[in-house]
Trainee: 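I have a structure I would like to understand better, so I am pasting it below and will then ask my questions one at a time.
Sequence positions, counted from 1, serve as the residue numbers for this chain.
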Amino acid sequence: MHAFKSRPKLDEQEVVFNLQQLSCPLEKAADLDPLLKRIGDARIVMLGEATHGSHEFYNWRAHITRRLIEEKGFSFVAVEGDWPDCYKVNRYVKNYPGSGDNIQQVLKQFNRWPTWMWANWEMMAFCEWLRDHNRLLTSAEKTGFYGLDVYSLYESLEAIVDFLKKTDRDALKKAEAAMRCFEPYRDDEGISYARNAEIVSEHCETVVLNLLREIRNRLGSYDQDYEGAFSTYQNALVAVNAEKYYRSMLKGGPHAWNIRDRHMADSLSSLLDFYGDDSKAVVWAHNAHIGDARATDMRDAGMYNLGELVRLEHHESGTVLVGFGTYEGNTFAARRWGGPMRKTTIPPAKKGSWEHYLHQASAGDKLLLMDDFLIDIYLENQFDHRGIGVVYNPQYDLISNYNPTVLPLRYDAFIFLDRTSAIHPLHLKPDGEQVPETYPFGF
């Protein structure tokens, strides 16, 4: 990160002029070429999103990822999703036996709220492309698909039990003990466990740590299904960190957030190690995770995130962070945690925000690459930057959905899509029951 300098604040006219001069139109496939050049030989590319439910974010991430796989040999895609469900997708896109008859069947297994994040038609199109891409490749050459998140405590324990029933009856006893420990708190996704943490957490913490240690010590004996064994170890790691996460939830402060993003960073490192020294990773997650937290007010709150951790830990091998934003449009979200999904209007961006200035700079979508000049002139100019999560109430947009950001320090590149539309969830029927357009420009 750069040292902050004393510099007068820029006015709106100067900001808009600079963005006009430094951004490039993003209208067709070839307009991504400068971004691919900027990525170069980087080992890790993180692709963000400003919402969890906008069609164009999924489409552009998918197309960039296709090019990274085809042109630069990227090894796997890792997303802000649960390991067990994403591992089922991994098996499908790698054409493993018994992995499902079709991708719709596989993605509909993402049935834990918020379902729309990965169970959508846009993901169907990308996964089918990836399966076709992998079809004639050797096992070592196939591109994988994995989840980095920490929420799937119970699903991960179930996956461990299923694997050990087939491979290791001795270790199975420890997995079943972990299941029994957490089973009384299953119905509310960890809330009651958090409330009873002072009574039960020490015992359950010890149980899952013992399970992780047992699986780690016995990994070498699971050679008949090496990737399945690795998946089992990752599920054990999820169980350990999910227990920590749920135990910290009710304490407030940054601790739970930091546990979650630390887990995502560790899971990414494990995947890179699993794929070998020459492996390369594409990460899909919300801007709040992939944009460097040090360029926002998260730093003042004692929070770090995935983008910051990966920049620090994989600096030598190269990391490129690509943020996404929109001025207005529609998205899918819920009004409350666990509530029903609904198509929701995104109002025009707040005056004085990065999204407002990019909209003012020129009509249409654009790509902004962060160079030394851009970093220097904006080093002390934090403007509000919008982020919309799975819970979103547009009437409170101006109050709760912006945080001050030095954009050129938060990302290495930024894709601005002036108007966006909502994704097409699998758990709803699209208009006319037709698959929507899943890539811009018809590819």
Side-chain angles (χ1 to χ4, degrees), residues 4-26 48-57 60 286-288 290-301 321-333 335 343-370 373-411 413-422:
F4 284 87
K5 302 176 182 178
S6 177
R7 177 180 296 281
K9 296 291 184 182
L10 299 175
D11 62 28
E12 180 172 340
Q13 187 174 358
E14 290 175 291
V15 175
V16 171
F17 176 78
N18 288 332
L19 295 176
Q20 285 174 338
Q21 300 302 307
L22 296 169
S23 61
C24 307
L26 188 61
E49 59 183 358
T51 78
H52 283 310
S54 296
H55 171 81
E56 290 77 8
F57 295 153
W60 279 104
H286 197 279
N287 290 340
I290 69 102
D292 195 320
R294 294 171 293 174
T296 75
D297 58 356
M298 293 172 68
R299 178 181 61 177
D300 298 331
L321 312 182
V322 184
F324 282 68
T326 185
Y327 177 70
E328 62 183 345
N330 294 288
T331 189
F332 262 95
R335 296 294 176 90
K343 186 182 289 188
T344 303
T345 298
I346 303 173
K350 179 181 180 180
K351 184 175 174 58
S353 65
W354 284 106
E355 291 80 6
H356 167 77
Y357 290 139
L358 284 160
H359 174 74
Q360 295 292 110
S362 61
D365 303 336
K366 49 186 73 69
L367 168 66
L368 185 65
L369 298 179
M370 310 306 181
F373 173 73
L374 192 62
I375 292 171
D376 186 57
I377 61 175
Y378 286 103
L379 203 54
E380 274 203 347
N381 285 271
Q382 284 191 336
F383 303 122
D384 283 337
H385 178 26
R386 179 159 58 187
I388 295 170
V390 290
V391 174
Y392 180 55
N393 292 284
Q395 64 268 37
Y396 304 127
D397 181 76
L398 299 179
I399 301 171
S400 59
N401 289 94
Y402 292 83
N403 65 322
T405 298
V406 181
L407 203 75
L409 295 183
R410 186 170 184 177
Y411 309 110
F414 191 72
I415 290 177
F416 177 73
L417 307 172
D418 196 67
R419 182 171 181 83
T420 50
S421 56

Trainee: Find the distance between CG (Asn393) and CD1 (Ile388) and round it off to the nearest 0.5 Å.
Mentor: 11.0 Å
Trainee: Between atom CG of Asn403 and atom CG of Asp297, what is the distance when rounded to the nearest 0.5 Å?
Mentor: 5.0 Å
Trainee: Assess whether ring pair (Phe, Tyr, Trp, His ring centres under 6.0 Å) is satisfied between His356 and Tyr402, documenting all intermediate values.
Mentor: CA-CA 12 Å; His356 167 77; Tyr402 292 83; over 10 Å; no
Trainee: Measuring from Gln360:CD to Phe17:CZ, what's the distance to the nearest 0.5 Å?
Mentor: 16.0 Å
Trainee: Look at the rings of Phe416 and Phe414 and say which category their plane angle falls in: under 30° parallel, 30 to 60° tilted, over 60° perpendicular.
Mentor: parallel
Trainee: Any sub-3.5 Å donor-acceptor pair from Ser54's side-chain atoms to Phe57's backbone N or O?
Mentor: no
Trainee: Could you tell me whether Gln13 atom CD has more than 12 heavy atoms of other residues or ligands within 6.0 Å of it?
Mentor: no
Trainee: With no hydrogens and no angle check, do the side chains of Glu56 and Ser421 hold a donor and an acceptor under 3.5 Å apart?
Mentor: yes
Trainee: Do the non-hydrogen side-chain atoms of Met370 and Leu407 ever get within less than 4.5 Å of each other?
Mentor: yes
Trainee: CD1 of Ile399 to NZ of Lys350: how many Å apart, nearest 0.5 Å?
Mentor: 9.5 Å
Trainee: So does Arg294 get a backbone contact from the side chain of Asp292, meaning a donor-acceptor N/O pair under 3.5 Å?
Mentor: yes
Trainee: Quick one: pull up CG in Leu369 and CD1 in Ile415 and give me the separation to the nearest 0.5 Å.
Mentor: 9.0 Å
Trainee: Looking only at heavy atoms, which two atoms of Leu19 and Ala361 are closest? And how far apart?
Mentor: CB-CB, 4.0 Å
Trainee: State, with a plain yes or no, whether a side-chain heavy atom of Pro404 is found less than 4.5 Å away from one of Asp384.
Mentor: yes
Trainee: State, to 0.1 Å, how close Glu328 and Pro348 come at their nearest heavy-atom pair, and which atoms those are.
Mentor: OE1-CG, 3.5 Å
Trainee: Considering non-hydrogen atoms only, spot the tightest contact between Arg410 and Ala288 and give its length.
Mentor: NH2-CA, 3.6 Å
Trainee: Minimum heavy-atom separation for Thr326 and Arg386, please, with both atom names.
Mentor: O-NH2, 3.5 Å
Trainee: For Leu358 and Lys366, work out which heavy atoms get closest and say how close.
Mentor: O-NZ, 3.0 Å
Trainee: Are any side-chain N or O atoms of Asn287 and backbone N or O atoms of Phe324, one a donor and one an acceptor, separated by less than 3.5 Å?
Mentor: yes
Trainee: Can you tell me how far the OH atom of Tyr357 sits from the CD atom of Glu14, to the nearest 0.5 Å?
Mentor: 10.5 Å
Trainee: Quick check: does any side chain N or O of His52 sit under 3.5 Å from a backbone N or O of Val391, one acting as donor and the other as acceptor?
Mentor: no
Trainee: Of the non-hydrogen atoms in Ala333 and Gly389, which two are nearest, and what is the gap between them?
Mentor: CB-O, 4.0 Å
Trainee: Indicate the ring-plane relationship of Tyr327 and His359, choosing parallel, tilted or perpendicular according to the 30° and 60° boundaries.
Mentor: parallel
Trainee: Could you tell me whether a side-chain N or O of Lys343 sits under 3.5 Å from a main-chain N or O of Asn330, the two making a donor and an acceptor?
Mentor: no
Trainee: Checking side-chain hydrogen bond (donor to acceptor under 3.5 Å, both in side chains) between Tyr392 and each of Thr331, Asp397, Thr51, which is the one that passes?
Mentor: Asp397
